[in-house]
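Working notes for the structure below.
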Amino acid sequence: MILLKNTEDIRLLHRANIMVAETLEELRSHIKPGITTAELDRIAEEYIRRHKGVPAFKGYRGYPATLCISINEEVVHGIPGKRALKKGDIVSLDIGVLLDGYYGDAAITVGVGAINSEAERLMRVTEESLYLGIEKATEGNRLSDVSIAVQTHVEAAGFSVVRDFVGHGIGRNLHEDPQIPNFYTPAAYNPRLKEGMVFALEPMVNQGTYKVKILQDGWTAVTRDQKLSAHFEHTIAITSNGPIILSRLEAPQGSAAATGT
Ligand code: MF3
Ligand code: CO
């Protein structure tokens, strides 16, 4: 069942998601060769707690950290630790925050120093696919319109969309219905989109095969062919005026400005 949010719910979801966006901005300034993923995790946790939020992933199904940090061939759910970032790495940072009973969730992928042009293109196409999906998140469209927009852009660029992880509804729970695949399956549940739905859209895009496997730690998903993967995520609200991106800092919302076009 998809839980619809009212204006007050959306205001509170926006606050949680602004904190997510601010934490990501804070982390961005620390992305340099030599910093360890555990240090980034500590910076994020301190930022969130200082602002009276709670890290949402920590303890979720036993997940041990504030951030998921996934480097290069790691797709999602990389656990922070002693590993240091190196020049040329691409690093995805995924954060969830609980604030006043509402969840925020977003992710970015960033390069460490200069990265090669194919890695750059992978990141760009992944972020573009997120914004193209967001543009389709309008009243009256179906969920599959979002999925198809993401998949079409990714595959036209010669990349692949991960099948084993999907986006999700979000609200007073980190994960709510519906699941939001970044690919089209004719048989999938395919509701019409309505005002008051709030979604975390999160394309995970691989350079090579879409197939992934989970490492021995029980969390880290990596590409089966060891090629690169990128991940971008925004939490959005569907309104009668179109989608609003809740997890970003800039003021302009609604219309073309909100979708980065
Ligand atoms: N952003 C991911 C999601 O929405 C990460 C959460 S998984 C966790 O599903 F276990 F790390 F919390
Ligand atoms: Co998510």
Side-chain angles (χ1 to χ4, degrees), residues 2-3 5 13-14 16-24 27 37-38 40-42 44-45 48-49 53-71 74-81 91-99 102-110 126-127 129-131 133-134 137 143 146-147 150 161-183 197-206 212-222 229-238 243 245-248:
I2 303 178
L3 299 170
K5 279 77 184 180
L13 281 161
H14 202 173
N17 277 286
I18 290 287
M19 191 178 295
V20 165
E22 287 171 351
T23 311
L24 286 172
L27 288 168
T37 55
L40 292 168
D41 195 66
R42 185 185 51 77
E45 179 162 6
I48 292 165
R49 296 204 190 272
V54 175
F57 297 168
K58 205 168 195 173
Y60 181 84
R61 297 173 180 236
Y63 188 75
T66 293
L67 297 178
C68 297
I69 306 183
S70 309
I71 304 173
E74 296 173 354
V75 178
V76 285
H77 303 164
I79 301 174
V91 182
S92 100
L93 304 165
D94 189 354
I95 319 185
V97 165
L98 174 63
L99 181 66
Y102 289 83
Y103 283 89
D105 189 4
I108 56 174
T109 302
V110 296
T126 306
E127 187 169 24
S129 76
L130 170 59
Y131 284 105
I134 291 170
L143 194 59
V146 173
S147 309
V150 172
V161 164
V162 171
R163 305 295 199 269
D164 290 9
F165 301 97
V166 296
H168 50 95
I170 181 168
R172 289 180 162 278
N173 309 284
L174 177 59
H175 294 140
E176 297 184 357
D177 286 342
Q179 293 196 26
I180 307 171
N182 298 298
F183 51 93
M197 291 182 178
V198 176
F199 293 162
L201 302 184
E202 49 180 319
M204 289 143 272
V205 174
N206 293 353
V212 305
K213 66 174 185 191
I214 308 294
L215 298 185
Q216 285 296 328
D217 64 17
W219 282 101
T220 313
V222 298
S229 185
H231 179 207
F232 283 85
E233 178 176 21
H234 268 310
T235 295
I236 66 159
I238 296 170
I245 300 177
L246 302 178
S247 53
R248 74 172 194 183

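Counting starts at 1 for both ligands and their atoms, following the listed order. Quick note: numbers below take in every heavy atom, side chains included, and nothing from hydrogens, waters or symmetry partners. Worth saying up front: this structure is predicted, and the values here are computed from it rather than measured.
Considering only heavy atoms from C-beta on, R61 comes within 4.5 Å of W219 through its side chain. Using a 4.5 Å heavy-atom threshold, the side chains of E74 and I71 count as touching. Residues I2 and E176 form no side-chain contact, since every pair of their non-hydrogen atoms from C-beta on lies 4.5 Å or further apart.
For ligand 1, the atoms closer than 4.0 angstrom to any heavy atom of D105 are 1 (N), 3 (C), 4 (O). Listed by number with element, the atoms of ligand 1 under 4.0 Å from a non-hydrogen atom of W219 are 10 (F).
With a 4.0 Å cut-off on non-hydrogen atoms, R61 does not touch ligand 1 at all. Counting heavy atoms closer than 4.0 Å to ligand 1, residue V76 contributes nothing at all. Looking at A56 against ligand 1, nothing comes within 4.0 Å, counting heavy atoms.
Rounding to the nearest 0.5 angstrom, the gap separating the OG1 atom in T109 from the CD atom in E233 is 10.5 Å. The structure places NE2 of H234 at 12.0 Å from CD of E202, a figure rounded to the nearest 0.5 Å. The distance from the CD1 atom of I69 to the CD1 atom of I95 is 9.0 Å, given to the nearest 0.5 Å. Between atom CG of residue L93 and atom CG of residue L67 there is a gap of 6.5 Å, rounded to the nearest 0.5 Å. How far CD1 of I180 is from CZ of F199: 4.5 Å, rounded to the nearest 0.5 Å. A distance of 8.0 Å separates NE2 in H231 from CG in N182, rounded to the nearest 0.5 Å.
Under the 6.0 Å distance and 45° angle rule, R172 counts as a cation-pi partner of Y102.
Put simply, no part of A200 is less than 4.0 Å from ligand 1, judged by heavy atoms. Under a 4.0 Å heavy-atom criterion, K58 is not in contact with ligand 1.
For E233, a nitrogen or oxygen atom sits less than 3.5 Å from a nitrogen or oxygen atom of ligand 1, counting backbone and side chain alike. Any N or O atom pair closer than 3.5 Å counts here, and Y63 shares no such pair with ligand 1. For ligand 1, the polar-atom distance check finds an N/O of H168 within less than 3.5 Å of one of the ligand's N/O atoms.
When the ring-ring contact (aromatic ring centres under 6.0 Å, His included) test is applied to H168, the partners found at least two apart in sequence or on another chain are H175.
Looking at atom 3 (C) of ligand 1, its nearest protein heavy atom turns out to be H175 NE2, 3.3 Å. D94 OD2, 3.2 Å is the protein heavy atom nearest to atom 2 (C) of ligand 1. In this structure, atom 7 (S) of ligand 1 lies nearest to the protein heavy atom H77 NE2, 3.5 Å. Closest protein heavy atom to atom 11 (F) of ligand 1: C68 SG, 3.3 Å.
The minimum heavy-atom distance between F165 and I214, with the atom names listed, is CZ-CD1, 4.0 Å.
Around the Co ion (ligand 2), the protein contributes the following N, O or S atoms under 2.8 Å, ordered by chain and number: D105 OD2, H168 NE2, E202 OE2, E233 OE2.
Counting only distance, with no hydrogens or angles, the side chain of S147 and the backbone of P181 share a donor-acceptor pair below 3.5 Å.
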